[in-house]
Amino acid sequence: MPIFSASLGSFTSISFLSTSQSQSHLSPFKLTVKTPWQWQHHHYLTSKVLVSASGNTQIPNTELLQRPTPPDPLDDARQARRSSDWKAAKTYQDSKLIYNGRVEGFNSGGLLVRFYSIMGFLPFPQLSPVHASKEPEKSIQEIAQGLIGSIMSVKVILADEDNKKLILSEKEAAWSKFSKQVNVGDIFEVRVGYVEDYGAFVHLRFPDGLYRLTGLIHVSEVSWDLIQDVRNILKVGDEVRAKVVGIDWGKSRINLSIRQLEEDPLLETLDKVIPQDGSADPDSMSGGDSGSIEPLPGLETILEELLQEDGYVSVTI
C-alpha cells in the first residue's frame, strides 16, 4: 500500500494512502491542500489527484470548500446582552420609566434612538412640541438633523422582541414631567399645531416660554356659533388663549376651550331683555294691565308644540 505526497507550488500538501491498485495505469487519490490564508480562514482546497507509476499527476475538478466555523464566544455574549436589553425595554414599558437615550440618526418617519444595545424608533408625531416651537420655520427633517447626537428623555411605548420593534415617545416623557402643572380652569397661551375635522391640536405655553404639552380644542369648543369647518377659524401657527376644561390622566389628554372665555351670546341677549340690576319698571312686572301685553310673533305656535310634549300639563304666558 504505497504512500503518495506532493508539493504544489506554494501549497502545502497532505499525504494519503492508496487503497488499491487500479487496473489502469492511473490511480485516483483525494488530495487536500491548504495555503496559509486558507488555514487562517478555515478554507481548504479539495482535488481528485490521479497518480501514475511514472510519478505524473493530473489535478482536475478543483473546488473550494468551507469548513464549518466554530461558535464565536463574542457572538454568544452579544446575543445574551441583546436579550437582556429587550427584557429591560419591556420593564421600562410596563413601569412607564423615563430613559435618556442618544439620538443616532433619523429616516423619513422618525428618529433612531439608542436604548442600550438596541436601536429604537421614535416616530415624528411622538416628538415633544418644544422642538418645533423653538424653530417654527424649519421642516421636521431639519429639526431631526439638528437633534443627532443629543440626549433625549423618552418612554418605551412598545417593546416587541419577537418582531424586533422598539417604539419610543418623547411626548409621553414630557407628559410625566409637566402634566402635574396643569389644572382644570387654568388659562394658557396656546399655539395651533395642526387641525383636524373634529378640532385643533394646540401646544400649551408654560411659564418658561416653551410649549411643553399638546391639548385638543374640540370643534364644539372653538366658538358659541355653529362651525362647519374648524379651518375657517383656526390655522396652523395661530396663537390664542384657551381654558383647560378637562384632563384625562389615563390617556394623557388635555381638553381646552376658547368659547368658555367668551360670553354666551344667548345669556347676553337675555340680560338685555330682562335687566338684572332691578331697573325694570315695577308696573310692567305687576301684571296689573295684562290686556295691554302683545305676545311675540310665533309664540302661540311654540306654546302649542310644548303642549304636545310628554310631561307638560299646561303652558301659560
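Position 1 is the first residue of the sequence; numbering continues from there.
- Linking Ile, Leu, Val, Met, Phe, Trp and Tyr residues whenever their side-chain heavy atoms come within less than 4.5 Å leaves F178 and L210 in two separate clusters.
- Under the 3.5 Å distance criterion, with hydrogens and angles disregarded, no donor-acceptor pair is assigned to the side chains of N232 and D229.
- Between Q145 and L147 there is no side-chain heavy-atom pair separated by less than 4.5 Å.
- With values rounded to the nearest 0.5 angstrom, R82 atom CZ is found 12.5 Å from K87 atom NZ.
- The CD1 atom of I302 lies 12.0 Å from the CG atom of L307; values are rounded to the nearest 0.5 Å.
- Ring planes of Y92 and F115: perpendicular class, angle over 60° (limits at 30 and 60°).
- With a 4.5 Å cut-off on side-chain heavy atoms, V230 and D197 do not count as touching.
- The aromatic rings of Y194 and F201 sit parallel to each other, their planes meeting at less than 30°, with 60° as the upper class boundary.
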**Prompt:** Yes or no on side-chain contact (heavy atoms from CB on, under 4.5 Å) for L111 and M152, after CA distance, side-chain angles and deciding distance?
**Reply:** CA-CA 11 Å; L111 301 179; M152 180 175 291; 3.8 Å; yes
**Message:** Does F124 form a ring-ring contact (aromatic ring centres under 6.0 Å, His included) with F106? I'd like the steps, not just the answer.
**Reply:** CA-CA 10 Å; F124 285 138; F106 69 96; 7.0 Å; no
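- Aromatic pair F206/Y211: centroids not less than 6.0 angstrom apart.
- Cation-pi check for K155 over W175 is not met; the charged atom does not lie both under 6.0 angstrom from the ring centroid and within 45 degrees of its normal.
- The shortest side-chain heavy-atom distance between E172 and S252 falls under the 4.5 Å cut-off.
- Clustering ILVMFWY residues whenever any of their side-chain heavy atoms sit less than 4.5 angstrom apart, transitively, puts V182 in the very cluster that holds V190.
- A donor and an acceptor atom, one from each side chain of H203 and S133, are nowhere located under 3.5 Å apart.
- Q93 places a side-chain heavy atom less than 4.5 Å from the side chain of K90.
- Annotation: side chain of D160 is not in contact with side chain of K164 (no heavy-atom distance under 4.5 Å).
- Note that the CD atom of E104 and the CG atom of L112 stand 8.5 Å from one another [nearest 0.5 Å].
- Looking only at side-chain heavy atoms (C-beta outward), L256 and K243 stay at 4.5 Å or farther from each other.
- Taking every heavy atom of both residues into account, L168 and G120 meet most closely at CD1-CA, 4.2 Å.
- A heavy-atom distance below 4.5 Å is found between the side chains of I187 and L261.
- Under a hydrophobic-cluster definition in which Ile, Leu, Val, Met, Phe, Trp and Tyr are linked whenever side-chain heavy atoms come within less than 4.5 Å, directly or via other members, V202 and V219 are assigned to the same cluster.
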